[in-house]
Amino acid sequence: MKVLYFAWVRERIGKASEEIEPPADVVTVADLVTHLIGLGEGYAHAFENRTVIRAALDQVHVKPEAPLAGAREIAFFPPMTGG
């Protein structure tokens, strides 16, 4: 699965994207965030306030409980503002 990071999420993790193969028990977006937090300090810092992070599976915005099954790409980004 390709994981994309945007804005300050990218800055805190230190990379724009990566390919990962989540463990079998990672079945939702929330599970993936928990898994990523365990990968190191940068990830933990990026996801320290999970409620503000937004996610998109294959370019469709989803909630944390959304299943990962079949997704090829997930993107994480902070809230967007503007007009």
inquiry  = Any non-hydrogen side-chain atom of Val9 less than 4.5 Å from a side-chain atom of Pro78?
reply    = yes
inquiry  = Which residues pass the side-chain contact (heavy atoms from CB on, under 4.5 Å) test with Glu48, not counting sequence neighbours?
reply    = Arg12, His45
query = Mind checking what makes ring-ring contact (aromatic ring centres under 6.0 Å, His included) contact with His61, not counting sequence neighbours?
reply = Phe77
request  = Give me the other members of the hydrophobic cluster that Val27 sits in, counting Ile, Leu, Val, Met, Phe, Trp and Tyr linked by side-chain heavy atoms under 4.5 Å, directly or via other members.
outcome  = none
Atom pair CG/CZ of Asp58 and Arg72 - distance to nearest 0.5 Å = 5.5 Å
task = Please tell me if the side chains of Val62 and Val29 come closer than 4.5 Å, counting only heavy atoms from C-beta onward.
result = yes
ask   = Is there a path of hydrophobic side-chain contacts, each under 4.5 Å between heavy atoms of I, L, V, M, F, W or Y residues, that connects Leu4 with Leu36?
value = no
task = Give the minimum heavy-atom separation between Pro67 and Leu57, together with the two atoms involved.
result = O-CD1, 3.3 Å
key: Straight-line distance of Thr28 OG1 to Glu65 CD, nearest 0.5 Å   = 8.0 Å
query = Roughly how far, to the nearest 0.5 Å, is CE of Met1 from CG of Leu68?
reply = 4.5 Å
task = Would you tell me whether Thr34 and Arg50 have side-chain atoms, one donor and one acceptor, within less than 3.5 Å of each other?
result = yes
key: By salt bridge (charged side-chain N to carboxylate O under 4.0 Å, His left out) - contacts of Glu18 (at least two apart)   = Lys15
task = Output all residues satisfying side-chain contact (heavy atoms from CB on, under 4.5 Å) with Pro22, sequence neighbours left out; order by chain, then residue number.
result = Ile20, Val26, Leu32
key: ILVMFWY network linking Ile53 to Phe6, side-chain heavy atoms under 4.5 angstrom   = no
inquiry  = Tell me whether the count of non-hydrogen atoms from other residues, nucleotides or ligands lying under 6.0 Å of CD in Glu21 goes above 12.
reply    = no
task = Applying ring-ring contact (aromatic ring centres under 6.0 Å, His included), name anything that partners Tyr43, two or more places apart in sequence or on another chain.
result = none
task = Go through the steps to decide whether Ile13 and Phe47 satisfy the test side-chain contact (heavy atoms from CB on, under 4.5 Å), and finish with yes or no.
result = CA-CA 9 Å; Ile13 291 173; Phe47 294 106; 4.0 Å; yes
